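These notes concern the structure reproduced below.
In this chain, residues are counted from 1 in sequence order. Small disclaimer: the values here were computed from a predicted structure and weren't measured.
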Amino acid sequence: MNHRRPLLALSAAALLLSACTGTGGTAQGADAEAPDDPSKVSGTITVLTVRTDLVQDGTMDRYAAEFRETYPKVKVEFQALTNYEAEIKIRMNTENYGDVLLIPAVIEKADYPKFFASLGTREEREEKYRFTDFTAVDGKVYGQSPVGVAPGFVYNKRVWREAGITDWPTTPAEFLAGLKAIKSRTDATPYYTNFAAQWPLTSWTYVNGSVSCDTGATTELAEGDPWAEGADLRVGDTLLHDIVRQGLAEKDPTTTNWEASKTRLARGEIATQWLGTWAIVQFQDAARKAGANPDDIGFMPFPAQVDGTFCAVVAPDYNQAVNIHSDHKEAARAWIDWFTDKSGYVEDNLAISPLQDAPLPEVLKPYETEGVKLIEVDDAQGAKVKQIDNESEIGIYKPDYRQDLVDLARGARKGSLDDFLDDLGKRWTETRKKLGS
């Protein structure tokens, strides 16, 4: 496992009720100061992570050992959670949710100060780091991602070449034509939904902004209908539906296997998956282990252009935060700063650096060559979007509605695509108006 954001089992309301009735209110507003003298920072800290693979193979222990060369009095212990979102919600009903954790999707942005210690002001942090607005509340920043990610299709370049396709599709219609060519000219499954794992389906929400090349895409969600004709989510959801409806995905989505899909794509048994830049290194590793060529692993943007240019949204991965109840906030802050700035984690994962002045990773050089425009979406309305999403019970950051979409496309659910998407838009719009948005 490595990057899962599964279905949320408990309600945000229950979680927030616990925070308000517990000690969260008294701790609210605490800061995690950056240490001035590493030799004076001490304590044992627990760091929660989704990277079970890196904990199991000893990589995280290697990072911790390197960290102790700078902070010799701090001991770092890791807890890797395989079903992070579900498990962390339960733990956050107490004060015992690690010293460093990943900010879960269920927490309303406005409530970050109840759970996390501030890392400083947005004004000071944005001079050095990207993505500060994603965790900023009232001018203070509560989380920092060690890597940036962009959505896209992980694909087997050899299979696409064998199907006669060497250029990236520029429209959904061209993309579908490419998958049809793969189906007719190769033995590969053209597209793999990873339906059974659930969380990969949420990646489709991150077409938002990339289709229209709009830095105000999140504001559009907060003020409009995400499934209006031509809207980014409607374009993305329509493509996913058409892939499945036209028989270009696996025969039985309920039997998919995430871990196995990496090896199968590396070997050329699967041609394409919609994921993110974070997945590239994992699929390359799978290729090496399978005796396949890691150079066959490619990455392409969503098939849409604005004025002849592809766009891709760059956003933070999970943000690390300091538990506001931690007894070792200074040590926890030291870990976050070191892990972001000096650990080499971003290079090890071929990821986009959160540092403002860092170059793109080598795996994204084709994006530079092809002139793909990387944009950052303004997240000022992100809290409002999550509120609308929760109140409407649609779940654009959860897998449910796209599982329903796949079921509709494969005939396991009755109805039409237009009715399905129009209903989502109606529910969203009614909730938005009810909330005064």
[X] bridged to [Y] by N-O distance under 4.0 Å:
X    : Y    : result
D237 : R234 : no
R125 : D133 : no
K75  : E77  : yes
E33  : K329 : no
K128 : D341 : yes
D285 : K262 : no
R427 : D423 : yes

- prompt: Around E123, counting heavy atoms of other residues, nucleotides and ligands shown, do more than 12 lie under 6.0 Å from its CD?
  reply: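 No, the 6.0 Å shell around CD holds no more than 12 heavy atoms from other groups.
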- request: Kindly check if the number of other-residue, nucleotide or ligand heavy atoms within 6.0 Å of CG (D36) is above 12?
  value: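 Count not over threshold, so no.
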If every non-hydrogen atom of [X] is compared with every non-hydrogen atom of [Y], which pair is closest and at what distance?
X    : Y    : value
I394 : W227 : CG2-CH2, 3.9 Å
D389 : S392 : O-OG, 3.1 Å
V47  : V76  : CG2-CG1, 3.7 Å
Y112 : F134 : CE1-O, 4.1 Å

For the atom pair [atom1] ([X]) and [atom2] ([Y]), what is the distance rounded to the nearest 0.5 Å?
X    : Y    : atom1 : atom2 : answer
L355 : R130 : CG    : CZ    : 8.5 Å
Q284 : D296 : CD    : CG    : 10.0 Å
T202 : Q403 : OG1   : CD    : 10.5 Å
Y84  : T49  : OH    : OG1   : 8.5 Å

message: Quick check: do F283 and P294 have side-chain heavy atoms less than 4.5 Å from each other?
response: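 Side-chain contact under 4.5 Å: no.
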Answer with yes or no whether the side chains of [Y] and [X] bring together a donor and an acceptor at under 3.5 Å.
X    : Y    : value
Y318 : R51  : no
D232 : S212 : yes
N156 : R264 : no
T309 : D307 : no
S343 : E66  : no
T59  : D57  : yes
T205 : R402 : yes

F116/I324 under side chain to side chain contact (heavy atoms under 4.5 Å, CB included): CA gap, chis, key distance, verdict: CA-CA 4 Å; F116 314 119; I324 200 167; 5.6 Å; no
- request: Could you give me the CA-CA distance, side-chain angles and deciding distance for E87 and R91, then say whether salt bridge (Lys or Arg N to Asp or Glu O under 4.0 Å) is met?
  value: CA-CA 7 Å; E87 293 179 56; R91 291 185 62 163; over 6 Å; no
- request: Go through the steps for F67 and W335 under the test ring-ring contact (aromatic ring centres under 6.0 Å, His included), then give the verdict.
  value: CA-CA 8 Å; F67 173 74; W335 169 261; 5.2 Å; yes
Are [X] and [Y], when compared by the centres of their aromatic rings, separated by less than 6.0 Å?
X    : Y    : result
F153 : F175 : yes
Y155 : F299 : no
Y397 : W204 : no

- prompt: Please walk me through it: do S210 and N208 pass side chain to side chain contact (heavy atoms under 4.5 Å, CB included)?
  reply: CA-CA 6 Å; S210 295; N208 196 50; over 6 Å; no
- prompt: Between K398 and D400, is a salt bridge (Lys or Arg N to Asp or Glu O under 4.0 Å) present by the stated rule, with each step listed?
  reply: CA-CA 6 Å; K398 303 173 188 177; D400 295 52; over 6 Å; no
message: For a salt bridge (Lys or Arg N to Asp or Glu O under 4.0 Å) check, start with the C-alpha distance between D422 and K426, then their side-chain angles and the critical distance, and finish with the verdict.
response: CA-CA 6 Å; D422 289 346; K426 180 181 178 182; over 6 Å; no
field: side chain to side chain contact (heavy atoms under 4.5 Å, CB included) between E124 and Y129, worked out
entry: CA-CA 9 Å; E124 65 186 17; Y129 300 106; over 6 Å; no
Identified side-chain contact (heavy atoms from CB on, under 4.5 Å) counterpart of P303 within the set V211, L239, V235: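 Answer to the side-chain contact (heavy atoms from CB on, under 4.5 Å) test with P303 among V211, L239, V235: L239.
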Test item: D111 side-chain N/O and I107 main-chain N/O as donor-acceptor pair under 3.5 Å: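 A pair under 3.5 Å: no.
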Backbone of D337 reached by a side-chain donor or acceptor of T340 within 3.5 Å: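 No, T340 side chain to D337 backbone: no donor-acceptor pair under 3.5 Å.
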message: Could you walk me through whether S39 and D37 satisfy the side chain to side chain donor-acceptor pair (under 3.5 Å) test, starting with their C-alpha distance in whole Å, then the side-chain angles of each, then the deciding distance to 0.1 Å, before giving a yes or no?
response: CA-CA 5 Å; S39 66; D37 185 351; 2.7 Å; yes
For residues 363-377, which side-chain N or O atoms pair as donor and acceptor with protein atoms under 3.5 Å away, sequence neighbours left out?
unit_1	atom_1	unit_2	atom_2	d
K365	NZ	E368	OE1	3.4
T369	OG1	K365	O	3.1

message: Checking V74 against H328 for the side chain to side chain contact (heavy atoms under 4.5 Å, CB included) test, could you report, in this order, the C-alpha distance in whole Å, the side-chain angles of both residues, the deciding distance, and whether it holds?
response: CA-CA 10 Å; V74 179; H328 302 291; over 6 Å; no
query: Checking salt bridge (Lys or Arg N to Asp or Glu O under 4.0 Å) for the pair K140/D31: CA distance, chi angles, key distance, verdict?
result: CA-CA 10 Å; K140 287 191 173 184; D31 294 333; 3.3 Å; yes
